[in-house]
Amino acid sequence: MLAQPTRNAPRPTSPFRPRAAGLAALAAITLSLYFGVVHAFSFHPPSSPSAKGINLAILAMDVLLAVHVAWGIGALVRGRLPRAEESPRSGLSRRSAQREGGRSPARWAFYLLATISLAGVVALHADYLVTRHRGTDSGLAGSLVTIKILVLAAQLSALLFLGLGRSRARSLREVAGLFAPGWRGVVLLSVVLAPLVNYLAHNLELFSLAGLVEYLALFLLPPLAALALLTFFERTYDAGPAAAPFVASLAFLYYSMPLVCAVLEKPVEALFAQQAALALVLSAGLALAYRASPGIASKTIGIAVACSITASLLQATLVPPGNATPPAPAAVSAGSESEHEPMPAGLSPAKSTPDVYLLIYDGYAAPKSLREYGCNDGWEAGYLGSRGFRIYENAYSLFLSTRRSMGSLMNLGGAPSSAGIGGDNRSIRFFREHGYEVNLVLNSYILQGSNRMAADFVFPPWAPRSSLGLLYRSIAGGEFKSEIVFQDFEWEEWLATKRRVLSGRSGRPRMLYAHSRFPNHSQNSGACLPDETERYLARLEVARKEIEGDIAAIDASGREAIVIVAGDHGPYLTGDCHNMTNTQPDDLTATHLRDRYGTLLAIRWPHSNTRTDRIEVIQEVFLAVAASLLDDDRVWDHRVPAVTAGDGGIPHGAVRDGIVMVGKDKGRPLM
């Protein structure tokens with residue numbers, strides 16, 4: 001239990017004498033802190049509405065600081081603040097004055113720190129204005145976003161030190177008491193456990209005991225710290241019991257935003273106005289209830305939280321986790337490891353061992369889909385065709401998600417292996433048995449579930465708990481957003497590592513699977529952004545430049561290689577820009593399915609042969625590679641039926657052997 005404030009501790013003097021004025025000041029500080037945190041961790045671009053939110057927060061804090069400075073100057077003029085020459089000279093009288101709390105050295109130290117903080121606020125404002133005037137993105141203190149966050153931090157510290165300077169507390173115990181919330185406030189703060197336990201219950205496979213402790217500490221300590229800070233301001237401004245309901249309601253809203261985005265099926269960028277409205281309504285409503293009856297409000301919250309936690313744990317026990325692999329259709333599950341060996345007996349050693357480069361560009365659409373998006377430049381046929389690549393125009397993926405699609409590919413077309421993409425799956429086992437060095441340049445999300453790495457080289461370095469960072473960033477950012485899976489490394493370092501593997505001139509034959517973040521797909525919110533396609537096409541240009549650089553690195557090495565340039569699935573730019581959850585199967589079209597399953601596949605073979613003509617889906621790529629290396633057609637006996645796995649509103653078997661089996665275009669070719 002947190003310590004209670006000393007009962008007889010004197011309260012600080014305040015420039016906000018009426019309680020209503022103090023409450024307004026406390027509300028302004030609370031909302032400013034909230035919008036600052038939202039802006040610091042959000043996915044919003046600098047020009048988004050959240051930028052206006054932090055601008056208003058900074059303005060409100062500037063007004064508060066101006067009131068404090070004006071009040072302090074007025075008090076000094078009236079002689080209510082002690083001057084240095086007034087300090088008593090005798091030790092006895094000095095101790096007496098310090099006991100009164102009016103002339104202690106600590107008080108002047110706090111005022112000095114407040115002055116330094118105020119100077120920092122002014123300097124940061126100047127840095128921001130000069131940076132904006134120059135039209136650049138970064139000033140002396142960092143980027144424009146960083147400068148705003150630093151301004152808000154300096155404003156808070158100035159208010160804190162001013163409050164401590166005015167405090168008449170006579171001991172450290174009394175000072176600490178000004179920050180200590182009552183037990184009812186702590187109970188009220190337990191409301192944040194409701195969303196946190198919900199996320200925990202549906203991601204239990206990510207957590208060890210140490211991870212659980214880390215997770216709870218990471219997300220519970222900041223609200224507790226905020227409660228302590230705002231409790232101090234509550235007492236500084238004599239605002240009445242408001243800090244606890246303010247912090248509880250806003251922390252609950254902050255941690256619940258991923259759920260709000262999922263329910264409203266909109267990206268967090270499009271919900272800032274709703275978030276601001278909810279912040280005002282929730283904080284005001286809970287504050288009114290708490291001030292009317294703190295005991296009843298705390299007990300009601302405690303009971304509601306207990307019920308929510310129980311429901312989350314029961315649901316997680318009875319229903320598979322949200323990121324668990326859904327059951328595959330019978331045709332796909334027939335490729336389970338228990339039924340097939342990776343390769344028929346008697347087919348080793350390989351007849352040839354060229355390097356094998358699997359270069360995946362996330363969400364790279366099929367050429368036909370690109371034409372439907374309005375991209376008719378034919379870059380794939382022009383550039384890749386001129387460099388010896390064969391483009392498989394009719395190829396598609398059996399899966400809609402990265403981990404399932406690539407898990408099946410790495411398992412030689414069978415169901416995704418329980419060993420994971422980086423574990424002892426069929427492809428890695430095959431290449432290592434034939435003398436290859438296996439390199440994986442991926443990210444922690446793709447490697448999730450790989451309890452033991454079987455590859456020779458993995459970048460970024462991976463550990464079983466790596467993917468916890470994805471959950472942390474999702475909660476802090478306010479949405480379980482697709483692009484955060486590529487945020488566990490510096491992009492330039494990742495690209496340099498891939499190129500280093502590709503351009504190496506010596507060593508044993510090597511296999512590389514590299515998974516690029518570009519062009520990526522929609523934001524998976526269940527609603528398309530107004531410029532969703534335009535954003536994708538802009539990222540597509542980045543992916544094309546990356547492909548050109550990758551092929552140049554391969555050519556510079558002078559080594560013989562099989563080069564596979566492909567996407568893992570489509571970009572989801574039609575319908576709901578996700579998995580068509582609210583669409584009936586009869587309403588699906590070939591365009592909807594092609595937009596999700598259709599993907600680029602282009603391969604440059606050192607030597608052409610008929611074995612490479614049999615690829616229908618990208619999951620068969622390594623079967624074709626194995627047939628080529630082993631010079632044996634019997635490898636193809638291990639292919640599985642080309643039947644797509646469903647997700648959301650798209651049923652299993654929506655496409656079979658390249659033919660649409662559901663919806664308005666039933667019976668027509670997918671591609």
Side-chain angles (χ1 to χ4, degrees), residues 2-3 5-6 9-17 21-37 40 54 57-73 75-76 81 101-102 104-125 141 148-181 185 221-244 246-247 250-251:
L2 297 176
T6 304
R11 295 182 181 276
T13 56
S14 170
F16 301 100
R17 304 307 295 178
L23 180 61
L26 178 64
I29 293 174
T30 306
L31 290 171
S32 297
L33 180 61
Y34 176 77
F35 290 128
V37 172
I54 194 171
I58 290 173
L59 178 61
M61 296 290 279
D62 281 337
V63 171
L64 285 178
L65 285 173
V67 171
H68 277 272
V69 171
W71 179 82
I73 292 174
L76 185 62
L81 293 180
S104 67
R107 187 181 187 193
W108 290 111
F110 286 134
Y111 279 132
L112 176 61
L113 291 173
T115 303
I116 294 173
S117 297
L118 285 169
V121 171
V122 174
L124 288 167
H125 273 305
K148 289 182 181 181
I149 295 169
L150 291 176
V151 169
L152 192 58
Q155 290 170 325
L156 279 170
S157 65
L159 289 175
L160 174 64
F161 291 129
L162 284 172
L164 289 171
R166 295 194 314 274
S167 172
R168 296 174 180 173
R170 294 187 293 268
S171 66
L172 287 176
R173 183 166 179 259
E174 290 184 349
V175 171
L178 294 173
F179 291 88
L221 289 180
L224 282 171
L227 178 59
L229 176 65
L230 292 169
T231 297
F232 170 78
F233 286 121
E234 172 191 288
R235 292 172 179 142
T236 298
Y237 300 136
D238 194 24
F246 282 170
V247 175
L250 294 180

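Hydrogens, waters and symmetry mates are skipped; everything else that's a heavy atom, side chains included, is used.
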Backbone N/O of Leu65 and side chain of Gln155: donor-acceptor pair under 3.5 Å: no
Using 0.5 Å steps for rounding, measure from the CG atom of Leu152 to the CG atom of Leu124. 11.0 Å
So Leu250 and Leu31, do their side chains get closer than 4.5 Å, heavy atoms only? yes
Residue set satisfying side-chain contact (heavy atoms from CB on, under 4.5 Å) with Leu164, at least two apart, ordered chain then number -> Phe110, Leu160, Phe161, Val175, Phe179, Phe232
Are any non-hydrogen side-chain atoms of Ile73 and Val69 less than 4.5 angstrom apart? yes
Backbone N or O of Thr236 within a donor-acceptor pair of the Arg166 side chain at under 3.5 Å? no
Would you check if Met61 and Val121 make a side-chain contact, meaning some heavy-atom pair closer than 4.5 Å? no
Can you tell me how far apart CG (Leu59) and CD1 (Ile54) are? Round to the nearest 0.5 Å. 12.5 Å
Does some side-chain heavy atom of Ile29 sit less than 4.5 Å from a side-chain heavy atom of Phe246? no
Give, for atom CG of Asp238 and atom CG of Leu26, the distance between the pair rounded to the nearest 0.5 Å. 11.0 Å
Determine, using ring centers only, whether Tyr111 and His68 are less than 6.0 Å apart. no
Please say whether more than 12 non-hydrogen atoms of neighbouring residues, nucleotides or ligands are located less than 6.0 Å from CG in Leu172. no
